[in-house]
Every structure is written in structure tokens, then in C-alpha cells.
Amino acid sequence: MARGSSKQYAINKNKFLLDPEFEHLNLLLKRYVFQDKRNCLLLYIAMHTGARATEILSLTKEDLNVYDQSVFIHGIKGSNDREIPLPEWLFDLLEDYSKDLPGEKLFDISYHRLRQIWEHYRPVKKKFHSLRHTFAIRLYKKVKDIRLLQIALGHRNITNTMIYADFVYSQSEMRKLIL
């Protein structure tokens, strides 16, 4: 949606991974994580943090918090910085991976290369950004806490976060009424 447009941004099923698509991606990554560690970890981080592509590409070893098993995301596009906890298995894999890196960056690749990785692993023809929307929808369905979602996504304005609550609410209410 172009800036300045009066039409509100809306989420639809083409902008996030449906549960079977998410599970398919998870199975693929699980199968290849030890053969293609960097690329699988990059996608796992996107799935488990909701971080934007450029936020992921700017992650450094220093952004890993061993004590809390979390990753510090430096916000871009006017977003707030945030610290996102990771599942223990993912943090352990990420920490192990980071020890062998020659530089400070966790994923020292270009945005173009990230898109190629996504095109290789994606379960359906959806954009990399769909992982951010998927994270947001799954988190909101789990906690039903719009403020927590706002913090997790780094949104400064809660209006940006409301699209997820509106989508989840409208889908569940229509399901109740129609089915």
C-alpha cells in the first residue's frame, strides 16, 4: 500500500503463512538445519522474532543475550528496539553457529542473497515479509495481548499493530457466525 493512501492496510491469507505452510517450512528447516545451518537459522530467526529482513541482516554476536537466551533486534523504519526470547533449542543452535563466525555479523549476506534463500525454502510463493506477519498473527492468537504484540514487533504506534487484532478477531467471529 502506497503512503498517503486513505485505504487502511489489511492482512489477508496471501500475506502470511497458513498453519500447514508454516508447518511445512518448519519440517524443511528441521531436515536441513545441520547441512545448511546459516540459511536455516536465518529463517528460524525470522519465524521466531518477527524481525524484518534488514533487522535480521544487521544482527551481530553481541545481540545474543546468553543469560536470557534472547536476541536484541535493532529497530529500523522508525521501529523501537526490542529483545525477543528464543526457544532454548534455537538459541543453542544460534550460539553454537556464532562461535565459528570470522566476523561480528551473524548473517553476513546481502538482501538479494536472503531473498534467494527464502525462494529456495519457502513453502509457497509468498514474500519473506510474510514471516513477520505470520509471527504477529500466531503471537496474537496465543496471547490476545495487543500491547505485547506492539512491543514484539517494535511498533511505535499501536494503530500499526491493530491490523493483526482486527484480522484475528474478524476471522474468528465470522467463523462463529457462519459455521
| message | Applying side chain to side chain donor-acceptor pair (under 3.5 Å) to His120 and Gln116, what does each step give before you reach the verdict? | response | CA-CA 6 Å; His120 178 73; Gln116 289 175 328; over 6 Å; no
| said: Set out, in order, the CA-CA distance, both residues' side-chain angles and the distance that settles side chain to side chain contact (heavy atoms under 4.5 Å, CB included) for Ile11 and Val168, then state yes or no. | reply: CA-CA 10 Å; Ile11 293 290; Val168 171; over 6 Å; no
| query | Can you list the steps and then say if Ser79 with His74 is a side chain to side chain contact (heavy atoms under 4.5 Å, CB included)? | reply | CA-CA 8 Å; Ser79 291; His74 300 272; over 6 Å; no
| message | Working note: Asp81 + Ile73, criterion side chain to side chain contact (heavy atoms under 4.5 Å, CB included); need CA distance, chi angles, decisive distance, verdict. | response | CA-CA 6 Å; Asp81 295 343; Ile73 310 283; over 6 Å; no
| Working for side chain to side chain contact (heavy atoms under 4.5 Å, CB included), residues Tyr164 and Leu153 | CA-CA 11 Å; Tyr164 302 105; Leu153 293 175; 3.6 Å; yes
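Applying the side-chain contact (heavy atoms from CB on, under 4.5 Å) criterion to Asn80, with sequence neighbours excluded, gives Arg156. For Asn157, the side-chain contact (heavy atoms from CB on, under 4.5 Å) partners at least two apart in sequence or on another chain are Thr159, Asn160. When the side-chain contact (heavy atoms from CB on, under 4.5 Å) test is applied to Thr161, the partners found at least two apart in sequence or on another chain are Ile146, Leu149, Gln150, His155, Ile158.
Taking each heavy atom of Glu83 and Phe72 in turn, the nearest pair found is OE1-CD1, 4.1 Å. Shown here for Phe91 and Ser70, the closest heavy-atom pair between the two residues is CE1-O, 3.5 Å. Across Lys105 and Asp108, no two heavy atoms sit closer than the pair CD-OD1, 3.6 Å.
Under a hydrophobic-cluster definition in which Ile, Leu, Val, Met, Phe, Trp and Tyr are linked whenever side-chain heavy atoms come within less than 4.5 Å, directly or via other members, Trp118 and Leu106 are assigned to the same cluster. Cluster membership check: Ile84 does not share its hydrophobic cluster with Tyr140, using side-chain heavy-atom separations under 4.5 Å among Ile, Leu, Val, Met, Phe, Trp and Tyr. Transitive grouping of hydrophobic side chains (ILVMFWY, heavy atoms separated by less than 4.5 Å) keeps Val71 and Leu148 in distinct clusters. Criterion: ILVMFWY side-chain heavy atoms under 4.5 Å apart, direct or through other members. Under it, Tyr97 and Leu57 are part of a common hydrophobic cluster. Under the 4.5 Å side-chain contact rule for hydrophobic residues, Leu27 and Leu18 do not share a cluster.
You'll find the side chain of Ile56 stays beyond 4.5 Å of the side chain of Arg52, heavy atoms only.
Atom CD1 of Ile137 sits about 12.0 Å away from atom CZ of Arg132, to the nearest 0.5 Å. Interatomic distance, Leu59 CG to Ser98 OG, rounded to the nearest 0.5 Å: 11.0 Å. Interatomic distance, CD of Glu95 versus CG of Asn65, reported as 10.5 Å (0.5 Å rounding). A distance of 9.0 Å separates NZ of Lys142 from CZ of Arg138, quoted to the nearest 0.5 Å. Between the CG atom in Leu17 and the OG1 atom in Thr134 there is a gap of 3.5 Å [rounded to 0.5 Å]. Between the CD atom in Glu119 and the CG atom in Leu114 there is a gap of 10.0 Å [rounded to 0.5 Å].
For CZ of Arg113, the number of neighbouring non-hydrogen atoms (other residues, nucleotides, ligands) closer than 6.0 Å is greater than 12.
Each salt bridge (charged side-chain N to carboxylate O under 4.0 Å, His left out) pair with one or both residues in residues 59-76, not counting sequence neighbours, would appear here, but there are none. For the ring-ring contact (aromatic ring centres under 6.0 Å, His included) condition, the pairs that include at least one residue of residues 12-37, sequence neighbours left out, are Phe16-Phe167.
A salt bridge is defined here as a Lys NZ or Arg NE, NH1 or NH2 lying under 4.0 Å from an Asp or Glu carboxylate O, and Glu21 with Lys126 meets this definition.
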Please output the side-chain donor-acceptor pairs of residues 35-50 that fall under 3.5 Å, not counting sequence neighbours, one pair per line with the distance.
unit_1: Asp36; atom_1: OD1; unit_2: Asn39; atom_2: ND2; d: 2.9
unit_1: Asp36; atom_1: OD2; unit_2: Asn39; atom_2: ND2; d: 3.3
unit_1: Asp36; atom_1: OD2; unit_2: Tyr121; atom_2: OH; d: 2.6
unit_1: Lys37; atom_1: NZ; unit_2: Asp96; atom_2: OD2; d: 3.2
unit_1: Tyr44; atom_1: OH; unit_2: Lys30; atom_2: N; d: 3.2
unit_1: Thr49; atom_1: OG1; unit_2: Ile45; atom_2: O; d: 2.6
unit_1: Thr49; atom_1: OG1; unit_2: Ala51; atom_2: N; d: 3.1

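No close placement of the His133 and Phe135 rings is indicated, their centers lying 6.0 Å or farther apart.
For Glu55 (side chain) and Ile76 (main-chain N/O), a donor-acceptor pair under 3.5 Å exists by modelled atom type.
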